[in-house]
*Asks:* 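Could you have a look at this structure, given as structure tokens, before my questions?
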Amino acid sequence: MKFGVEAPTCLAGMMYPTPFATANDIVRVAVEAEQLGYYDVGGNDHLSTMRFIREAWPHPPDFFEPLVVLSNIAARTSVIRLTTGIMVLPMRDPVLLAKQVATLDQLSNGRVTLGVAVGGYRDEFEGVAPDLVDASRARLTTEGIESLRVLWEQRYSTYNGKHRRFEDVESYPKPVQSPLPIYSGGNVEGSFRRAGELCDGWLPAKVGPDKIRTGRAKVEAYARAAGRDPSTIATALQSVVCLGNTKEQVRERFERSAFDLFRKSLSKTMTKGVDLDAYFDANLIGTPDEVCAKVQAYQEAGLDHFCASLFVGNTVDELLDQMRLFARHVMPMFPAEAS
């Protein structure tokens with residue numbers, strides 16, 4: 001099993017208080033993650049604050065652009081992979097994004113994994129891209145993935161979609177990796193389809209082993225229908241991590257954090273019908289023994305990778321303490337690929 005860390009690029013006001021991390025703090029988290037033996041470090045993507053953040057906090061959070069931050073991290077690390085967890089593809093111009101990601105892959109000597117998704121907050125999308133307010137974000141995501149493939153794989157690239165179009169673009173350098181892995185983020189049918197038909201991995205968030213099994217089966221069905229080998233498509237998961245010595249300590253630690261604000265912000269979408277106990281069950285939340293048992297269950301369900309995991313804490317030091325606890329008590333129990 002492989003384990004990753006989500007650096008707090010755009011998480012203040014959502015899962016952490018505001019203010020939270022400085023730019024230097026984010027790099028410090030990534031450097032320590034590599035030293036602790038984590039497989040990847042992720043960067044979350046937001047271009048504007050969402051309505052629930054503005055209502056919850058008196059001061060705006062710092063949202064650091066993830067690709068720029070990951071470039072800085074690339075210069076300070078040597079082996080840890082660099083993941084976007086998640087890049088909100090409908091808000092990104094594919095020609096510019098292809099150039100940025102290829103450059104990052106060159107700078108890091110082939111360490112980039114691009115996680116992409118529709119995005120969890122419609123109000124952010126409408127504010128950033130009002131000209132596309134009537135467009136399907138799912139369609140924009142599909143066209144974005146297709147555009148990136150064309151730009152990375154062809155010398156002269158032309159694409160004519162419903163929303164994304166470009167002609168005779170010669171975009172160099174290409175990524176070091178061929179193909180550069182793209183993971184389809186999300187827990188719904190469209191994310192299964194994009195993973196099976198177009199991507200190298202499926203990256204849901206905060207779901208239990210049973211949903212990993214059923215989702216994986218759907219991804220495999222879409223892959224076979226598209227003439228692809230399902231075994232080439234990885235299954236990853238973004239999970240919340242909160243460790244403590246007792247169940248009571250874990251619950252107290254989680255409830256005094258800002259993570260429950262984030263959970264409630266998605267109550268009409270990703271966490272609809274999920275109460276706090278169910279949320280605990282579907283994430284790596286518990287004592288070390290309980291979390292190890294959960295990792296084992298996910299492994300048996302076919303999970304390859306805990307990608308860009310979200311560590312609970314109200315300060316950067318608390319986040320780092322959770323990372324260290326996880327590296328000390330959980331990762332050694334799954335040593336085959338954790339290093």
*Asks:* Does the pair Glu146 and Arg164 meet the rule for a salt bridge (charged side-chain N to carboxylate O under 4.0 Å, His left out), with working shown?
*Replies:* CA-CA 10 Å; Glu146 292 172 343; Arg164 302 302 191 190; over 6 Å; no

*Asks:* Please tell me if the side chains of Arg111 and Asp105 come closer than 4.5 Å, counting only heavy atoms from C-beta onward.
*Replies:*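 They are not in contact (no side-chain heavy atoms under 4.5 Å apart), so the answer is no.
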
*Asks:* Checking the side chain of Glu65 only, and the main-chain atoms of Leu67 only, is there a donor and an acceptor separated by less than 3.5 Å?
*Replies:*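 Answer holds: yes.
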
*Asks:* Group every Ile, Leu, Val, Met, Phe, Trp and Tyr by side-chain heavy-atom contacts under 4.5 Å, then state whether Val316 and Phe259 land in the same group.
*Replies:* yes

*Asks:* Could you identify which residues cluster with Leu203, counting Ile, Leu, Val, Met, Phe, Trp and Tyr as linked when any side-chain heavy atoms lie under 4.5 Å apart, either directly or through a chain of such contacts?
*Replies:*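 Taking Ile, Leu, Val, Met, Phe, Trp and Tyr as members, Leu203 shares its hydrophobic cluster with Ile86, Tyr183.
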
*Asks:* Going by atom types alone, do Asp40 and His305 pair a side-chain donor with an acceptor below 3.5 Å?
*Replies:* yes

*Asks:* Between the main-chain N or O of Leu243 and the side-chain N or O of Arg253, is there a donor-acceptor pair closer than 3.5 Å?
*Replies:*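 Here the side-chain-to-backbone pair exists.
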
*Asks:* Would you confirm whether Thr49, through its side chain, and Arg54, through its main-chain N or O, come within 3.5 Å as a donor-acceptor pair?
*Replies:*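 No, because the side chain of Thr49 does not come within donor-acceptor range (under 3.5 Å) of the backbone of Arg54.
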
*Asks:* So, Tyr222 versus Glu189: side-chain donor-acceptor pair below 3.5 Å or not?
*Replies:*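 A donor-acceptor contact under 3.5 Å links the two side chains.
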
*Asks:* May I ask you to check whether Phe306 and Tyr39 place their ring centres under 6.0 Å from each other?
*Replies:*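 Centroid distance Tyr39-Phe306: not below 6.0 Å, so no.
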
*Asks:* Indicate whether the side chain of Thr22 and that of Asp25 have a donor and an acceptor atom separated by less than 3.5 Å.
*Replies:* yes

*Asks:* Under the side-chain contact (heavy atoms from CB on, under 4.5 Å) test against Phe326, which residue among Asp321, Val291, Leu36 passes?
*Replies:*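 Among Asp321, Val291, Leu36, the one that satisfies the side-chain contact (heavy atoms from CB on, under 4.5 Å) with Phe326 is Val291.
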
